[in-house]
Amino acid sequence: MRFSSSLVAISTAVFANGVTAASNSSLPRVSIIATGGTIAGTNSDSTSTTGYKAGSLGVDALIEAVPALSNISSVSGIQFSNIGSQNMNTSLLLRLTKLATNVAANGSADGIVITHGTDTLEETAMFLDLTYNESLPIAMAAAMRPSTALSADGPFNIYEAVALAGSKEAADRGVMIVLNDRIGSAMYTTKTNTRAVDTFKAAEQGYLGVFNDEVPVFYFEPSRVYKKPFFDVSGVDALPRVDILYGNIDMDVRLLNYSVSSGAEGVVIACAGDASLPDAWADAAQAFTEQGIPVVRASRTGSGYVAPADDTLTSGNFNPQKARILLQLVLNEHGGKNSTLIQEYFDPYLS
Ligand code: SIN
């Protein structure tokens, strides 16, 4: 333990919004922003890990479930939303990054934890990492088992995320994902398994670090994803619609046509293998890209680099759902006409 609980005087306060905070001025101040998910989920019995209601506990209950937080931090809670992360959307993401930026800018915290559902955690993490430009760390915590389950993983993940967000070593590392004793990069970490607690991985890039009890142990100095861009969305209320279409044998090109005719300003295709497309799709994708509706080939395989192609854009190291987030932000900033410029965001090694 880095802090002896006998040496610190802990007081608890209940704020007007009903949030309980453990406060001690000598400890790092960590603001926990709760968005919902299984980590805040409850079920009728302790042995069911399916069929539960995500997002039923408030941030006060999440904090109270981990009394040991008061040994390592002075935590406060903000209830941002209480949703299953399948209901996260662009409008909420824009508000979330503004909230995190405000918390960082107003000096009320030394670190931020965001609790979130695991299903779309990687998309929110990437969005925040591309739109949040403060040195105050953000550690995202989630859980695969609801709070009522035997061996619920949420409390320990929150504990480690708070320890990470409050540690000096976390500064200038942007947004990180904390589950199962690992620290993952927001840009590359993805959910790889529907049920397993050990589901978040980055097959190509690996982890940033682990925990020794609550002490984060980083493998690298603070570093940036190669030429990682920053998108200022402080004045932005909406982003262009980008669809993802799934590749398979017999894929019908009318899906791509419909996507564009119904308003998508860009399309990502989760293609088979090394992002191959049937001829009819390749032709249509090239035509749309040339018209300023970029079509990005990504891979449905789950890992691997997709190299540039002549006819369409390609996703580089990003999976389809992460490529979609990046394309939304690039389209918002530059529009869809300059495909060379857009490709450089996906593949910065080229320029
Ligand atoms: C969700 O993503 O909100 C539900 C699933 C989970 O958190 O594991």
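Nothing here was measured: the structure is a model prediction, and the numbers come from that model. Order of listing sets the numbers, starting from 1, for every ligand and every atom in it.
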Which residue and heavy atom of the protein sit nearest atom 8 (O) of ligand 1, plus the separation: Thr118 OG1, 2.4 Å
What atoms in ligand 1 come closer than 4.0 Å to a heavy atom of Gly84? 3 (O)
Do you know which of Thr42, Thr148, Asn43, Asn82 makes side chain to side chain contact (heavy atoms under 4.5 Å, CB included) with Ser56? Thr42
Going by the atom numbers of ligand 1, which of them fall below 4.0 Å from some non-hydrogen atom of Thr38? 4 (C), 5 (C), 6 (C), 7 (O), 8 (O)
Ligand 1 atoms nearer than 4.0 angstrom to some heavy atom of Ala143 are 6 (C), 7 (O), 8 (O)
Centre-to-centre under 6.0 Å for Tyr159 and Phe211, is that the case here? no
For the residue pair Tyr132 and Phe230, is the inter-centroid distance of their aromatic rings smaller than 6.0 Å? no
What class does the angle between the rings of Tyr188 and Phe318 fall in, given that below 30° is parallel, 30 to 60° is tilted and above 60° is perpendicular? parallel
Identity and separation of the nearest protein heavy atom to atom 3 (O) of ligand 1: Ser85 N, 2.6 Å
Verify the ring-centre separation between Tyr219 and Tyr207: is it less than 6.0 angstrom? no
Could an N or O of ligand 1 be found under 3.5 Å from any N or O of Lys191, whether backbone or side chain? no
